[in-house]
There are 2 protein chains.
Amino acid sequence: MTADLDTLVAARLEACGHRFSSARRELVDVLRRAGQPVRITDVLEGRPHLAQSSVYRNLAVLETAGVVRRIVTDDDYAHYELDEALTEHHHHLICSGCGTVTDTTLPSDVERRLDDALHEIAADAGFVIDHHRLDLIGRCRVCAAG
Amino acid sequence: MTADLDTLVAARLEACGHRFSSARRELVDVLRRAGQPVRITDVLEGRPHLAQSSVYRNLAVLETAGVVRRIVTDDDYAHYELDEALTEHHHHLICSGCGTVTDTTLPSDVERRLDDALHEIAADAGFVIDHHRLDLIGRCRVCAAG
DNA sequence: ATGAGTGCAAAGGCTTTGCATTAGG
DNA sequence: CCTAATGCAAAGCCTTTGCACTCAT
């Protein structure tokens, strides 16, 4: 699956009339290698050939194409990661000290139970679920020690 | 409990060396009556006697005092609500159409199970949990119909 | 009187947008 | 060729900050 990541991404982009340019290829690559949510400033740092506006625009395109997902935290910066459809469903450990976001997963039985409950709640409210997000806010190992 | 809300808020404010001014009293009142997360622009609208900067500052003070909580969504605006310690633990239905945030709760057994699983995960990662947030992103009844 | 609170205006800072140029199909 | 993509700079916009004034203790 990770092997054909490029093929999959290309398909999703084409599906909405966009090209898989080298800049976008590099972005996807950065996110894949990071393995965890990344801020745009981090992407730009050490990559002077990437124009800031293009990175913002490309991530927006990739988001509408369903390739990446934007994560909002209390941090001043937005974080981006590969869409769950290309990886797997997971959750986040958000450190309020350094702003770092780390991926984590829930035991599948808990997740399943949770999902059932959420669907019931949504149905009652006439709410159409796109997805859910479950984040832990606290202090990472490093910041907790400091 | 809601009757002594003011007393409780006043205590929390004093505890960190702040006063329960009339402006802050009004803010708490607005949030209490709203019963759901509110944006600052909404608070300002129709209340010309409130200065924008004071609202921002007071909500920040109230947040550090543990009276209100700031909620971040994809919406351009931050949302504020009374802290769970003054209400009850709950979750959010976030509409990606109109940006409205609505409160909801989970069956207590599901919540308990979830909490256990989260604590285990956090422990494994050396992560110290402050709190968790579970939100449903999708379309509210109105936006789903449109 | 002394420090917190307030209000107005200006500055900050992440993000978006305009526009001319380049590249891919 | 024709449209998407890119890059630079400038603008947007929510939020924060500076500073002088007011208020409560």
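Only heavy atoms go into these numbers, but all of them, side chains included; no hydrogens, no water, no symmetry mates.
Distance B/Phe20 CZ to D/dT25 P: 14 Å, rounded to the nearest Å. Whole-Å rounding puts the A/Glu26 CD to D/dT6 C1' distance at 14 Å. One interatomic measurement links the two molecules: CZ of B/Arg25 to P of D/dC23, which rounds to 18 Å at whole-angstrom precision. If you take CG of A/Leu62 and P of D/dA4, they are 16 Å apart, rounded to a whole angstrom. With rounding to whole Å, A/Leu59 atom CG is found 11 Å from D/dT6 atom P. A/His49 places its NE2 atom 13 Å from the C1' atom of D/dT6, with the value rounded to the nearest Å.
Using a 4.0 Å heavy-atom criterion, one finds that B/Arg24 contacts the sugar-phosphate atoms exclusively. B/Ser53 comes within 4.0 angstrom of a nucleotide base, judged by non-hydrogen atoms across all strands. Among the atoms of the strands shown, none is found under 4.0 Å from any heavy atom of A/Ala60. Among the atoms of the strands shown, base atoms are found under 4.0 Å from some heavy atom of B/Ser54.
Closest non-hydrogen pair, A/Tyr80 versus A/Leu31, comes out as O-CD2, 3.6 Å.
Side-chain contact check for B/Thr104 versus B/His90: every heavy-atom pair is 4.5 Å or farther apart. In this structure the side chain of A/His91 reaches within 4.5 angstrom of the side chain of A/Leu106, judged on heavy atoms. Looking at A/Val9 and A/Arg25, their side chains never come closer than 4.5 Å, going by heavy atoms from C-beta outward.
The one candidate from A/Arg69, A/Glu63, A/His131 that meets the side chain to side chain contact (heavy atoms under 4.5 Å, CB included) condition with A/Asp83 is A/Arg69.
A residue-by-residue look at B/Gln52 and B/Ser22 shows that B/Ser22 has its nearest nucleotide of DNA chain C further toward the 5' end. Toward the 5' end of DNA chain D, the nearer of the two residues A/Arg57 and B/Asp76, judged by each one's closest nucleotide, is A/Arg57. Each of B/Pro48 and B/Arg19 was assigned the nucleotide of DNA chain C with the nearest heavy atom; the assignment lying further toward the 5' end belongs to B/Arg19.
Side-chain atoms of A/His119 and A/His132 include no donor-acceptor pair closer than 3.5 Å.
Put simply, chain B comes within 4.0 Å of DNA chain C, heavy atom to any atom, from C/dG3 to C/dA9, going 5' to 3'.
At D/dT16, none of the side-chain N or O atoms of B/Tyr56 fall inside 4.0 Å of OP1 or OP2 (strictly under the cut-off).
Residues B/Leu82 and B/Ile71 are members of separate hydrophobic clusters, defined by side-chain heavy-atom contacts under 4.5 angstrom among Ile, Leu, Val, Met, Phe, Trp and Tyr.
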